[in-house]
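Shown next, in structure tokens, is the structure this report addresses.
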Amino acid sequence: MKIIVCIKRVIDYNVRVQINREGDGVVTDGVKMSVNPFDEIAVEEALRIRERGEAEEVIAVSVGTSQSQQQLRTALAMGADRAILIETDDDMQPLVVARVFQKLVEREKPGLVLMGKQAIDDDANQTGQMLAALWNRPQATSASKLELTGDSARATREVDAGLEVIEFDLPAVVTTDLRLNEPRFVKMPDIMKAKRKPMETIALSELSIDLPTQLAQSNYEPPPERQAGRIVDSVEELVAALREKGVV
Amino acid sequence: MTERDVMEYDVVVVGAGPAGLACAIRLKQRNDALNVCILEKASEIGQHALSGAVVEPEALDELMPSWRDNPPEICVPAKKDEFLFLTKKRAIRFMNPPQMHNKGNYILSLGGLCRQLAGYAEESGIDLFAGFSGTEVLFGESNNVIGVRCGDMGVAHDGSQGPNYTPGVDIHAKYTVLAEGCRGNLSKQLIAHYGLDADRSPQTYGIGFKELWRLPEGRVNPGLIRHTMGWPLDRAIYGGSFLYHLDEDRVYIGFVAGLDYRDPSFSPFEAFQQYKHHPSVQPLLQDGEILSAGSRSLIEGGFQSLPKLDMPGALLIGDAGGTLNVPKIKGVHMALGCGMSAADHLADRDTTAGFDEVFRASARGRELHKVRNIRPGFRHGMWRGLVNAGLETVTLGKMPWTLKNEADWSSLKKLSPRDTTEQPYVTRTLPPRDRLASVYYSTIAHDEDQPVHLKVRDTSICATRCAQEYDNPCTRFCPANVYEMVDDGADGKRLQINAANCVHCKVCDIKDPYEIIDWVPPEGGSGPNYQNL
């Protein structure tokens with residue numbers, strides 16, 4: 001079985017994101033970029049499945065600028081076997097990305113597609129679901145545990161009411177949640193090996209897919225600054241203060 | 001015994017700053033067959049780099065003639081120099097010292113420059129390992145350096161091996177080049193191990209702060225360079241500010257204070273923030289926003305404090321040795337130049353021996369020798385320092401003497417009741433509010449579940465002897481509020497180390513008056529992620 005893992009290059013989670021001077025995007029100059037942390041968990045899960053002997057090949061794929069090669073190299077250094085970059089300089093929206101992945105799925109015929117439940121930049125939480133619908137295969141989103149048994153799989157999902165366990169047939173799309181695993185550290189010799197692993201680059205235009213722009217972004221602005229708090233001495237004072245603000 | 005992978009190289013360089021990158025690149029230019037790797041503790045190249053930085057381009061031209069075609073993210077030609085003396089209310093124009101004429105120079109982001117050099121290095125076939133720190137020097141049988149050990153990953157807070165524990169790799173190399181920058185942890189060990197500083201003057205340091213601001217439209221004058229001395233520092237402390245106008249409504253603003261200060265109640269961070277509120281500065285910054293901020297120690301001992309740069313199997317280059325030119329307040333061209341000299345030495349002679357003499361006799365070594373007496377002249381106060389600097393400058397450093405430095409850890413005076421005079425500081429309004437707010441602009445990544453990397457060898461004196469003698473100066477000299485004295489729950493105090501705040505400036509390792517703090521690298525990839533500093 002092949003596993004495709006989809007990863008996205010995002011601004012690192014430690015970075016204080018800033019809006020650019022023009023107000024039409026965020027500052028990326030000199031900013032640290034990383035593999036989306038949920039996708040890193042997906043890579044780790046794919047590698048563990050392969051290491052258990054339940055898969056033969058792990059293919060890391062990404063859609064983005066040529067710089068996304070860095071993040072694919074990270075996936076290769078973690079242990080993925082090869083990588084595919086669909087290169088584009090355009091801003092990508094979930095439906096377009098899902099259509100790209102659909103093309104790759106048709107070509108590679110994986111038994112499992114893994115990706116993060118969402119990317120930490122736009123927090124869309126849509127691409128996995130859209131891919132499952134386009135591919136017409138089962139989906140298990142926000143998985144915190146994943147077990148494979150031949151042609152089927154069982155995923156545990158953390159939901160509001162507790163844990164939900166679902167069983168589904170493979171091939172399928174599984175999106176990963178934070179508690180699924182803790183990704184490994186990359187080892188130095190593996191960084192060297194990753195340089196020699198195959199990385200295929202395909203221009204987005206070569207895939208001849210429909211690229212509808214269904215979302216328009218008008219402007220960016222920072223959230224309002226938090227006002228200083230006030231410490232009150234009693235419940236009465238609190239109620240009075242809330243009344244004063246007109247909230248009760 | 002932990003099983004470790006071993007990787008073999010011809011040359012391993014520790015630190016991907018200007019010195020290390022220049023050395024590695026020049027090595028490959030001289031002999032493409034060499035296997036060269038660079039270790040960098042930051043998660044990405046350039047993320048721990050911080051410097052002014054007004055850079056003389058000659059060394060860069062020599063190393064990478066095409067650098068202007070694809071300049072670093074911040075690269076503004078220097079246009080005009082101003083040098084001011086500040087009193088609390090006024091700014092008085094002084095004649096610009098001749099070392100501080102910057103025509104033909106560039107205001108750069110050091111991080112950006114390192115990223116640019118790193119791209120070039122990778123294209124030349126150098127293996128760059130970002131996110132890996134060198135934690136131990138490996139010695140051979142004849143007391144020679146044979147490489148470095150990289151730090152383990154996934155060690156838990158109590159020192160036990162976590163589920164993802166990954167032992168660090170041993171890198172064996174014919175030559176090890178230490179390019180860790182000011183007060184490198186391996187360089188410090190090697191200087192002690194080989195006695196490289198024997199018969200040299202003690203090393204002396206400064207602490208530098210830097211912020212990148214974006215201002216309301218129309219305030220900046222790209223290329224304007226302004227340096228000040230005076231307020232808020234009293235005459236006994238060597239230091240001053242820099243303010244560099246960039247493009248896109250941005251400025252670099254920063255401050256440097258000599259770590260040979262004597263008053264244990266002095267807070268360098270507070271001095272920087274006070275400077276920003278001087279009437280000549282505050283209106284510029286008002287309503288602007290900070291994009292990035294950080295701090296780093298810098299090395300000021302100059303020629304007479306420069307340790308011997310070679311030892312069996314290894315070299316110290318750049319500020320790991322201490323090649324900063326203090327009167328010029330420039331280190332980048334020296335670091336690049338020293339790195340290239342080291343590469344040429346290894347390529348020409350295939351030995352580390354003799355590099356110290358070669359560097360001292362080189363143009364950069366002579367540049368350092370010429371200005372050797374200027375910085376120590378300021379030990380006796382600003383005015384005498386300025387007079388001495390003028391004298392040394394007109395005589396081109398040909399005075400028959402060399403002034404000595406003293407070790408910064410030894411310079412603090414013990415507290416006495418008459419020292420408790422309040423500083424005449426103003427109430428601040430500009431961000432950051434305090435050191436914690438400032439740390440926020442350094443974008444620190446630090447897994448909390450790892451051993452504390454600030455090793456205080458004896459914490460029992462913190463609440464007793466140190467509190468009495470110096471009132472715990474670590475709680476003030478640290479720019480990131482790493483050291484705090486907190487209630488111990490039994491009517492006393494104890495030291496709390498907030499290691500996750502650490503910006504890797506290394507001032508604690510330098511200034512602690514009992515010499516009991518050792519800064520060691522945390523897990524690779526930890527620390528600040530400076531954006532264009």
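Please read all numbers here as calculations on a predicted model, not as lab measurements. Convention: sequence-line order gives letters A, B, ...; per-chain numbering from 1.
- In this structure, the separation between OH on Tyr13(A) and OG1 on Thr443(B) is 12.0 Å, given to the nearest 0.5 Å.
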Before giving the answer on salt bridge (charged side-chain N to carboxylate O under 4.0 Å, His left out), spell out for Asp5(B) and Lys187(A) the whole-Å C-alpha distance, their side-chain angles and the decisive distance to 0.1 Å.
CA-CA 9 Å; Asp5(B) 288 323; Lys187(A) 290 186 192 153; 5.4 Å; no
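- Donor-acceptor pairing under 3.5 Å is recorded for the side chains of Ser43(B) and Lys32(A).
- Judged by the 6.0 Å and 45° rule, Arg16(A) forms a cation-pi pair with Tyr440(B).
- In this structure, chain A has a heavy atom under 4.5 Å from the side chain of Met7(B), while its backbone stays farther away.
- Atom CG of residue Asp29(A) and atom OG of residue Ser292(B) lie 12.0 Å apart, to the nearest 0.5 angstrom.
- Other residues, nucleotides and ligands place no more than 12 heavy atoms under 6.0 Å from the CZ atom of Arg230(A).
- Heavy atoms of other residues, nucleotides or ligands lying less than 6.0 angstrom from CD of Glu217(B) number 12 at most.
- Interface residue Asn529(B): only side-chain heavy atoms are found under 4.5 Å from chain A.
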With side-chain contact (heavy atoms from CB on, under 4.5 Å) as the test, would you mind laying out the steps for Met188(A) and Ile171(B) before giving the verdict?
CA-CA 10 Å; Met188(A) 240 181 225; Ile171(B) 297 186; 3.9 Å; yes
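- Neither the backbone nor the side chain of Cys37(B) comes within contact range of chain A, judged by heavy atoms closer than 4.5 Å.
- Of the inter-residue distances, the one linking Glu44(B) atom CD with Asp12(A) atom CG reads 7.5 Å to the nearest 0.5 angstrom.
- Side-chain contact between Asp152(B) and Phe185(A) is absent, with no heavy atoms from C-beta onward closer than 4.5 Å.
- Here the CD atom belonging to Glu248(B) is positioned 9.5 Å from the CG atom belonging to Asn20(A), to the nearest 0.5 angstrom.
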Show your reasoning for whether side-chain contact (heavy atoms from CB on, under 4.5 Å) applies to Asp249(B) and Arg21(A).
CA-CA 9 Å; Asp249(B) 297 313; Arg21(A) 206 164 50 130; 2.9 Å; yes
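- Within a 6.0 Å radius of CZ in Arg4(B), more than 12 heavy atoms belonging to other residues, nucleotides or ligands are found.
- Heavy atoms closer than 4.5 Å to chain A are found in the backbone of Tyr530(B), but not in its side chain.
- When heavy atoms are compared at a cutoff of 4.5 Å, Leu39(B) approaches chain A solely by way of its side chain, counted from C-beta outward.
- Glu182(A) contributes no side-chain N or O that, together with a main-chain N or O of Asn164(B), makes up a donor-acceptor pair within less than 3.5 Å.
- Nearest approach of Gln18(A) to Leu291(B), heavy atoms of both residues: NE2-O, 2.7 Å.
- Of all heavy-atom pairs spanning Gln47(B) and Val31(A), the tightest one is NE2-C, 4.4 Å.
- The environment of NZ in Lys145(A) is sparse: at most 12 heavy-atom neighbours from other residues, nucleotides or ligands sit within 6.0 Å.
- Of all the heavy atoms in Val186(A) and Phe132(B), the pair that sits closest is O-CZ, 3.6 Å.
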